Structures are given as C-alpha cells and as structure tokens.
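Below is one structure, written out as structure tokens; comments come after it.
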There are 2 protein chains.
Amino acid sequence: MQEISKKAQKKASGQSHPDKPQKEGLRERKQRETRQLIAQTALNLFLQQGYDNTTLDTIAEAAGISRRTFFAYYKSKDDIILAWQTTSWQEMLDELRQVSALLTPLNAVRQIMVAHATRYQSQNMKALDQVMLASETLISRKQAAYAIQEAALFETLCEIWPEQAQSSLRIVAMLSVGAMRLALEAWRRDMDTQTVAACLDETFAQIQSEI
Amino acid sequence: MQEISKKAQKKASGQSHPDKPQKEGLRERKQRETRQLIAQTALNLFLQQGYDNTTLDTIAEAAGISRRTFFAYYKSKDDIILAWQTTSWQEMLDELRQVSALLTPLNAVRQIMVAHATRYQSQNMKALDQVMLASETLISRKQAAYAIQEAALFETLCEIWPEQAQSSLRIVAMLSVGAMRLALEAWRRDMDTQTVAACLDETFAQIQSEI
DNA sequence: AATATATTTGCACTGAGTGCAAAATTTAAT
DNA sequence: ATTAAATTTTGCACTCAGTGCAAATATATT
C-alpha cells in the first residue's frame, strides 16, 4: 500500500483500559516522526532557497526518504505548508463545538478564534508566512484553503445552531474567515508591535461596527 | 517572441481620427479569433469529458494550433476558464469608478455589482459553473481568483474614497467579494427560479442586516 | 519587392504527481 | 524464536503542465 493506514479499526481484543487513547506502537511513532521530519526539513529548505526553487527530490533526499515515500505522508508539495493551517483550524472547530451555547454565532466564533489565536507560536507563524509570501503558488493554495475552512466552519455552525437559518450561518462563516484573513494581513504589516490575537479581535470589532 | 505584443505603442503616424479606437489590423483580428476559438473549443471539451481528463494537447489539436502556441494566449490551463471571471470583474470595477460619488462604499459596490450581474448570460454561466464544479483543481483556482479580485476591488475603493480609512475599505472589499461568492452558491442551488442578480441583491441585504 | 517585426511552432527539458509491483520492515501467531 | 501476514518503503516508468530557445512563418512597413 502506498497510503498509510490510519489504523482505521483496532481489533476488539482485551484492551487494558478503554479510556487510554491507545498505546502508540513502533509503527505509529516512526510515522509521526517521519511526518514531522519532512515538514521541518522542507520548511528549512523553503526558507533558505524559496518554495519554488526547492524540488521534491531535494526535500526527500534531505529528509532521508525516497521521493515516492513523500507522497505517503503529504499528498502534494503545498500540503506540507497547508497541513498546518488545516490542523489548526480543526482544533479551533473542536473548541468551538464545546464552549458555545448561549452566545450568538458570530460572537461565539469571535471569542473562540481569538482565544485560539492567543496560542499561536509567532515564531512558526512568521516562518510559514514568509515562505508563503514568496511563492505565487502557495498564495493561491492558501486562498483555496480558506474556502475549505469556511465550508467546515459552516458545517460546524449548523450542528451547534440547528435552529438558525442556514443563509445566516453561511454569512457568519464568511465573515469569520474573512476576519481571519484580514487580521493576518494586518498582523503582517505590524508584526513587531502586535499579536495575532489582538489584530483578530480588532478586525472583528471593526466588522461588527462597520455595517 | 512567445508572448503576444499587446500593441504596447503605436507609431505617431497620420491617424485619420484620434477618437476612433484604432482600426483593427489583420493581426489583431486573427488573434482575437484564435483566443475565442481556444476558449470555445476547450469549454466544449471540458463539458464533454471533464476538465481534468482534457489535456492541453487535445485542446491545441482540436483548436488547430500547436501546443506551444496555446501558451501565447493563455498562461495556464485554468486561465481559459478563469480569464472570463477576471475580465468581467475588471469591467465591473470600471463601472464602479464612474458612477459612484455620494453613496457609501458598500452601497455603491452593491448597486454596481447587482447592475452588472443583470447582464450575465445565464447560459454561459451555467456551463462555466458546471465545468468548475467537476474539478477540484478549478475550484481551488477559482477561490484564489476571488482573493485577487478582492485586492483589485480594494485598490479601486481607495482611489474613489481616498478619505476613508483603509481598514474600513478592506472590510468592504471582503464583504463584497464574500457576497458574490455566497450569491453564486445560492444561485447554483436555485438556478431555475432565480437570477444571479436577484441572489446577489438578497445576499447583500442579508449581510447588511446581519450584524 | 525587400526588410523589419511579430507570431507560430518544434524540440528538449524540468518538475509534480500516479500506478504498480518488488523489496524491506513491522506486527501477529504458532 | 520462527514463521506467516500485513503494512510501509522504494524504484521504475509513465502522464501531463509549463518553460526556454531558436528556427520557420506570417504580417506590417517602406
């Protein structure tokens, strides 16, 4: 198989503790490490010589794997960079699902997103941002990723507020992702004196007072 | 040269009438025709066999040009489809520049965009939409194109309302492009009974009352 | 008709991504 | 501890998008 089995099903054998997530086998550990190694290696290369000037062969060689194996871990070159964004968004959605209840959708999202942004490592952020900015391709892909995030957010909103009109929730999703985009752009212009979270909160405030 | 000279400069020879745009020479006409031919040929092929299953070789052959020449007219495969979107947006921006003056930015954009949408040929729209929906690649590229449109709209807004805070105009641009995206999605769900313009106006109304 | 200019084309190349089947490695079973 | 089963890694050959270059065509200018 060329795709890594996500351990889709585990045998119903005698489990010591069903609450323990599952002890991580040798395979799982090595895969996690390899994935991380690829990401780190690639990011370094991108920072050094640019995204477009770095071929998959170079990355694979530097990470000590074969070119073909790379595709078992990431489904495309841009996925190395974009996977981070996707993962982080997924975490945010999980947090959103738990906390909110009585707030309006937009306020709930605002609160969770800002709280989540507080935890960003600005060091990593800056590196990723720098790599992305230098490549037309990546800029494109990032925008496409936003659309996917917007759709995922909409789905989640529908679960949490099933009584709300869908058209309204679509707008909330659009505004929220839009706020995040604008906030990141603002932060880029003002990286040194502001945090991402502060930019985000300010952007939300402006949007809510704008209309 | 592989890139087509956009007739960057014309000699200052005896022009019959400076107000006449310029009489179209044989070259210009053939280029316009070729460009149109490529677009039409490709669109037909895409509709028949899908975007991803249609290679550039196939398109070039069907259009009676060489593969290499294709790239003199479109800079990438997706550009065949996306060029339409870009052109149309540019027209809209030109209209925006002329009409507005006293309206608020958001209301001005809303008015012009709705008016512009009225002129869409729903036949072409449906074909393009159908092609796009069937290809992951194109969906991605379309989203990336929206980001470019948003940036262009922002630039235009800055020209028209130089006294407005840029942060506010950025939000207007974000909302406007967001409205268009949502409106097109709504229209797709309801193609037969609604016009694009109606969907767009309704979406703007909802957004403006949402917050 | 001759010359300058712009366009078309062929060719060879790079680089991303995929399918396939043979090796190598890990896990499970006896 | 051996053996067997399952999973991962890898190499190879392939398709397709996109680019650089220079020769061949076509168009415009005088």
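Not measured: the values here are computed from a predicted model. Here is how names work: the chains are called A, B, and so on, in the same order as the sequence lines, proteins then strands, and each is numbered from 1.
Listed by chain and residue number, A/Arg119 satisfy the salt bridge (charged side-chain N to carboxylate O under 4.0 Å, His left out) test with A/Glu95 (two or more places apart in sequence, or in another chain).
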Pairwise N/O distances under 3.5 Å, protein to nucleotides 10-15 of chain C:
none

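The pair A/Glu150-A/Arg170 does not count as a salt bridge, with every side-chain nitrogen at least 4.0 angstrom from each carboxylate oxygen. With respect to the salt-bridge test (charged N to carboxylate O, under 4.0 angstrom), the residues B/Asp129 and B/Lys126 do not qualify. A salt bridge links A/Glu33 and A/Arg29; the closest N-O separation between the charged side-chain nitrogens and carboxylate oxygens is under 4.0 Å.
One can place CG of B/Asp79 at 13 Å from C1' of D/dG18, the figure rounded to the nearest angstrom. Residue B/Ile38 contributes atom CD1, which lies 10 Å from atom P of C/dT9 at whole-angstrom precision. Taking atom CD1 of residue B/Ile80 and atom P of nucleotide D/dA17, one finds them 10 Å apart after rounding to whole Å. Rounded to whole Å, atom C1' of D/dT8 lies 9 Å from atom NZ of A/Lys30. Taking atom CG of A/Leu138 as the reference point, atom P of C/dA16 lies 12 Å away to the nearest angstrom. Atoms CD1 (A/Ile65) and P (C/dA24) sit 18 Å apart, rounded to a whole Å. Following rounding to the nearest Å, A/Phe70 (CZ) and C/dT18 (C1') show an atom-to-atom distance of 14 Å. Straight-line distance from the CZ atom of B/Arg35 to the P atom of C/dT8: 12 Å, rounded to whole Å.
Picking from C/dG17, D/dT9, C/dT8 the nucleotide with the shortest atom distance to the side chain of A/Asp78 gives C/dG17. Taking only side-chain atoms of B/Phe71, from C-beta outward, the nucleotide of D/dT19, D/dT8, C/dT8 with the closest atom is D/dT19.
In terms of heavy atoms, B/Ala173 sits closest to B/Leu153 at CA-CD2, 3.7 Å.
Side-chain contact between A/Gln85 and A/Gln149 is present, with at least one heavy-atom pair separated by less than 4.5 Å.
The side-chain tip of B/Lys77 does not point at the ring of B/Phe70 from less than 6.0 angstrom away and within 45° of straight on.
Within the 4.0 Å cut-off from OP1 or OP2 of D/dT8, not a single side-chain nitrogen or oxygen of A/Tyr73 is found.
In this structure, a donor-acceptor pair under 3.5 Å is absent between the side chains of B/Thr137 and B/Ser140.
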Original post:
Going through the checks in order, is the side chain to side chain contact (heavy atoms under 4.5 Å, CB included) test met by A/Asp79 and A/Arg141?
Top reply: CA-CA 9 Å; A/Asp79 197 34; A/Arg141 295 297 179 138; over 6 Å; no
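Listed by residue number, the members of residues 41-52 of chain A with any heavy atom below 4.0 angstrom from DNA chain C form an empty set.
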